[in-house]
Amino acid sequence: MAKPRYYVTTAIAYPNGAPHIGHAYEVIATDAIARFMRLDGYDVFFLTGTDEHGIKMLQTAAKEGVPPRELADRNVALFQKMVKRLNCSNDDYIRTTEPRHYASSQAIWERMAKNGDIYLSKYSGWYSVRDEAYYAEDETKLGDNGQRLGPLGTPVEWVEEESYFFKLSAYQDKLIDLYTRVPDFVLPRERLNEVASFVRGGLKDLSVSRTTFTWGVPVPGDPKHVMYVWVDALTNYITAVGFPDTASAQFKRYWPADLHVIGKDIVRFHAVYWPAFLMSAGIEVPHRIYSHGFLFNRGEKMSKSVGNVVDPFSLADAYGVDQFRYFFLREVPFGQDGSYSHEAIVARINADLANDLGNLAQRSLTMVARAFGGTLPAPGEFSANDQAILAQADAMVAKARDAMKTQALHQVLNAVWAVVAEANRYFAGEAPWALAKTDPKRQGTVLYVTAEVIRQVAILAQPFMPDSAGKLLDLLAVPADARDFARLGPARRLPAGAQLPPPAPVFPRYVEPNGDKAN
RNA sequence: CGCGGGGUGGAGCAGCCCGGUAGCUCGCAAGGCUCAUAACCUUGAGGUCACAGGUUCAAAUCCUGUCCCCGCAACCA
């Protein structure tokens with residue numbers, strides 16, 4: 001039976017600087033989704049990449065005195081290194097400066113043009129040379145000396161530039177219809193409401209080319225124009241699956257995408273422009289846009305001037321990759337803004353990972369090693385308590401799938417850790433260390449049940465903490481081909497009699513480098 | 001009257017749509033256990049649910065108004 005497919009993407013990052021925590025968060029979350037779906041039997045294609053055109057790249061490059069291509073190459077290397085460091089399982093990494101992407105962008109442009117949605121006109125507006133930005137009339141005001149000023153107080157002048165336009169205005173009804181027909185097109189729901197009210201407010205045609213610079217994809221047939229960066233950026237999602245070869249196996253298999261994971265700041269581009277472009281080009285629209293929140297350092301927005309920008313590499317170094325991934329995906333309700341701090345990260349690492357899960361594994365497996373020579377004991381008849389905790393473990397996968405239907409990553413982890421907490425209560429209540437003297441057979445049963453619960457927890461933790469969950473499964477001697485979600489539930493228990501390797505701590509407590517104990 | 005989110009025990013949050021003993025995590029206190037990564041388990045203290053009106057037998061939950069905080073406002077995860 002062929003696996004169902006699942007195509008998931010991050011937004012492509014804009015590499016005019018080094019990657020920051022927000023980029024890291026998006027790719028980690030998307031990776032967790034991709035891994036979850038793979039383990040759940042889907043044929044997943046997971047794409048991330050970089051959006052390298054546009055005026056801002058040009059400005060940054062000019063400031064540094066290097067060609068934009070060089071700036072892109074340098075920063076892209078950092079983004080790719082980050083993705084790798086964070087243990088992300090992307091199947092492809094797209095750069096919008098690649099030849100395949102030029103071909104794809106030009107092809108979608110030609111389709112939109114052929115459909116009559118692109119026309120040449122003049123883009124005009126109040127332009128501030130100093131800000132290098134256009135402003136709407138109502139954003140400007142007249143200064144004391146009669147000079148018109150932009151919102152930042154710089155002088156603006158009226159300029160007109162030849163530009164191609166996309167007939168976005170023609171898509172208002174079709175977009176509203178899409179939002180009505182597919183109410184989950186944008187999640188969380190509030191975001192769709194915002195978008196829908198924006199669209200109802202009326203859409204203006206969109207300027208989609210520039211003539212003032214050449215760092216971009218040339219417009220087919222009119223090479224003095226380059227495409228507006230968002231036209232080319234959004235197109236990356238189809239480039240990576242083989243567009244313009246719509247007959248290719250890849251394209252037929254994976255398009256339309258199941259999920260675009262993006263930041264809430266670019267919802268409009270993805271939920272308005274992108275489907276409009278695709279409709280115009282006669283291509284199916286993606287199934288869902290998921291807008292995640294922003295991360296704040298101690299509740300404050302990160303900014304270079306405040307000096308609270310945190311580099312993802314140093315976080316990974318300081319806490320560990322899996323710990324870093326776990327913290328953000330558990331602590332921040334996916335879709336909402338979140339806040340992080342050293343104390344919060346340490347608290348999560350020590351409480352959830354070291355104390356609750358790590359220590360449970362350690363204390364139970366150590367007992368298997370000592371009392372049973374490392375052989376997983378065969379269980380006797382299950383007591384009511386045994387059955388109760390096993391039933392809770394068996395129920396996890398359904399809860400996890402249910403949460404994943406709406407990308408509620410934190411709910412998946414909540415469901416799993418609720419079972420970890422219950423398993424600790426079970427373990428304390430059954431007191432297998434006391435049974436060692438009174439009823440070794442019963443002790444074996446308790447240890448078996450505990451190991452089985454840990455097995456299921458570890459399998460479900462894999463998308464979030466691939467390495468650590470893998471180590472946990474190693475300790476239970478679970479073979480590599482028995483770690484997918486099909487092995488969850490009552491049907492496939494741990495085999496009794498398995499020889500387990502010597503137990504080793506998987507989740508160390510975080511201890512402050514200066515030697516003080518944290519938490 | 002630009003748009004959106006939010007104000008719930010010390011901290012961070014859930015509950016609010018579908019009114020009816022206020023729940024979770026961390027922290028704190030006491031006790032238990034001693035297998036384990038000074039971890040685990042139990043119990044407890046602590047809240048006028050921003051404020052003011054209103055609807056109702058009954059409001060954190062519905063309605064009206066006020067105050068405050070935070071984002072966004074078409075380059076920005």
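Numbered from 1 within each chain, the chains take letters A, B, ... in sequence-line order.
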Quick check: does any side chain N or O of A:Tyr319 sit under 3.5 Å from a backbone N or O of A:Ser314, one acting as donor and the other as acceptor? no

Within the 4.0 Å heavy-atom criterion, would you say A:Val420 contacts the bases, only the backbone, or no part of the nucleic acid? nothing

N/O-N/O pairs, protein side and nucleotides 1-4 of chain B side, under 3.5 Å:
| residue | atom | partner | partner atom | Å |
| --- | --- | --- | --- | --- |
| B:rG4 | O2' | A:Glu194 | OE2 | 3.3 |

Just say parallel, tilted or perpendicular for the rings of A:Phe334 and A:Tyr290, cut-offs at 30° and 60°. parallel

Shortest side-chain distance from A:Lys204, nucleotide among B:rU25, B:rC40, B:rA74: B:rA74

For a quick test of reading the model, state the closest non-hydrogen atom pair linking A:Gly263 to A:Ser291 and the distance between them. C-OG, 4.2 Å

Just checking A:Gln362: base, sugar-phosphate only, or nothing, at a heavy-atom cut-off of under 4.0 Å? base

From B:rC35, B:rA39, B:rA74, pick the nucleotide closest to the side chain of A:Trp433? B:rC35

Rounded to whole Å, please give me the gap between CG in A:Leu413 and P in B:rU25. 16 Å

When the ring planes of A:His20 and A:His23 are compared, do they come out parallel, tilted or perpendicular, using 30° and 60° as the limits? tilted

Whole angstrom value for the distance that separates C1' of B:rA36 from CG of A:Leu447: 12 Å

What's the gap between B:rU8 and B:rA50 when it is taken at their C1' atoms, as a whole Å value? 10 Å

Separation of A:Asp337 atom CG from B:rG12 atom P, in whole Å? 15 Å

Pairwise P distance for B:rG32 and B:rC13, with rounding to whole Å: 36 Å

Answer yes or no: does a side-chain N or O of A:Gln336 lie under 4.0 Å from OP1 or OP2 of B:rG71? no

Report yes if the distance between the aromatic ring centroids of A:His342 and A:Tyr510 is under 6.0 Å, otherwise no. yes

B:rC40 OP1/OP2 closer than 4.0 Å to side-chain N/O of A:Asn355: yes

Rounded to whole angstrom, note down the C1' distance from B:rA59 over to B:rG20. 9 Å

Tell me, please, whether A:Phe427 has A:Arg363 positioned over its six-membered ring: NZ or CZ under 6.0 Å from the ring centre and within 45 degrees of its axis? no

For nucleotides B:rU61 and B:rC17, find the distance between their C1' atoms and express it as a whole number of Å. 10 Å

Taking the P atom in each of B:rG15 and B:rC72, what is the distance between them to the nearest angstrom? 24 Å

Check whether the ring centres of A:Tyr171 and A:Phe166 lie less than 6.0 Å apart, and answer yes or no. yes

Whole-Å distance between B:rA77 P and A:Gln407 CD? 21 Å

Counting only side-chain heavy atoms from C-beta out, which of B:rA77, B:rG71, B:rA74 sits nearest to A:Lys264? B:rG71

Any idea which of B:rA36, B:rC26, B:rA77 is nearest the A:Asn359 side chain? B:rA36

Please figure out whether A:Gly429 or A:Met367 has its closest RNA chain B nucleotide nearer the 5' end. A:Met367

Would you measure the distance from the C1' atom in B:rC49 across to the matching atom in B:rU21 and give it in whole Å? 15 Å

Sugar-phosphate, base or nothing in reach of A:Phe269, heavy atoms under 4.0 Å: sugar-phosphate

Assign each of A:Tyr25 and A:Asn424 the nucleotide of RNA chain B bearing its closest heavy atom; nearer the 5' end lies the nucleotide of A:Asn424

In whole angstrom, what separates A:Tyr326's OH from B:rU25's C1'? 10 Å

With A:Trp230, which of A:Phe269, A:Phe277, A:Tyr14 fulfils ring pair (Phe, Tyr, Trp, His ring centres under 6.0 Å)? A:Phe269

With a 4.0 Å limit, can you tell me whether A:Trp417 has a side-chain N or O closer than that to the phosphate oxygens OP1/OP2 of B:rC26? no

Where the side chain of A:Phe507 is defined as all heavy atoms beyond and including C-beta, which of B:rA36, B:rU37, B:rC75 is the nearest nucleotide? B:rU37

Any residue meeting ring-ring contact (aromatic ring centres under 6.0 Å, His included) with A:Phe507, in chain and number order, not counting sequence neighbours: none

Students often get this wrong, so: under 4.0 angstrom with heavy atoms, is A:Gly358 touching a base, only sugar-phosphate, or nothing? base

As a test of reading the structure: which of B:rC26, B:rA74, B:rA36 is closest to the side chain of A:Arg370, going by heavy atoms? B:rA36

Distance check needed: B:rC13 P versus A:His410 NE2, whole Å only. 13 Å

Step through it carefully: locate the ring centre of A:Tyr237, locate the ring centre of A:His270, and say whether they are under 6.0 Å apart. yes

Nucleotide of B:rU42, B:rA36, B:rA77 approaching A:Arg425 most closely (side-chain heavy atoms): B:rU42

Base, sugar-phosphate alone, or nothing: which one does A:Ile266 contact when heavy atoms must sit under 4.0 Å apart? sugar-phosphate

Could you check whether the rings of A:Tyr326 and A:Trp417 sit parallel, tilted or perpendicular, using 30° and 60° as the cut-offs? tilted

Could you state the CZ-P distance from A:Arg348 to B:rA11, rounded to the nearest angstrom? 18 Å

Does the side chain of A:Arg509 get closer than 4.0 angstrom to OP1 or OP2 of B:rA39 through an N or O atom? yes

Please give the distance between the P atoms of B:rC69 and B:rA77 as a whole number of Å. 28 Å

Quick check for you: among B:rU37, B:rA36, B:rA77, whose closest atom lies nearest to any side-chain atom of A:Ala354? B:rU37

Separation of A:Glu430 atom CD from B:rC33 atom C1', in whole Å? 15 Å

I need the minimum non-hydrogen distance between A:Leu390 and A:Val453, along with the two atoms involved. CD2-CG2, 4.4 Å

Taking B:rC41 as the reference, what is the distance to B:rC62 when you measure between their P atoms (whole Å, please)? 36 Å

Nucleotide pairing, RNA chain B (Watson-Crick or G-U, distances under 3.5 Å), in dot-bracket with [ ] and |: .(((((((.[[[[.)....(..]]]].(((((.......))))).....[[[[[..)....]]]]])))))).....

Work out which heavy atom in A:Ala354 is nearest to a heavy atom in A:Arg509; give both atom names and the distance. CB-CG, 3.7 Å

With a non-hydrogen cut-off below 4.0 angstrom, is A:Tyr426 in contact with a base, only sugar-phosphate, or nothing? nothing

What's A:Asp356 touching, base or sugar-phosphate or nothing? Going by heavy atoms closer than 4.0 Å. sugar-phosphate

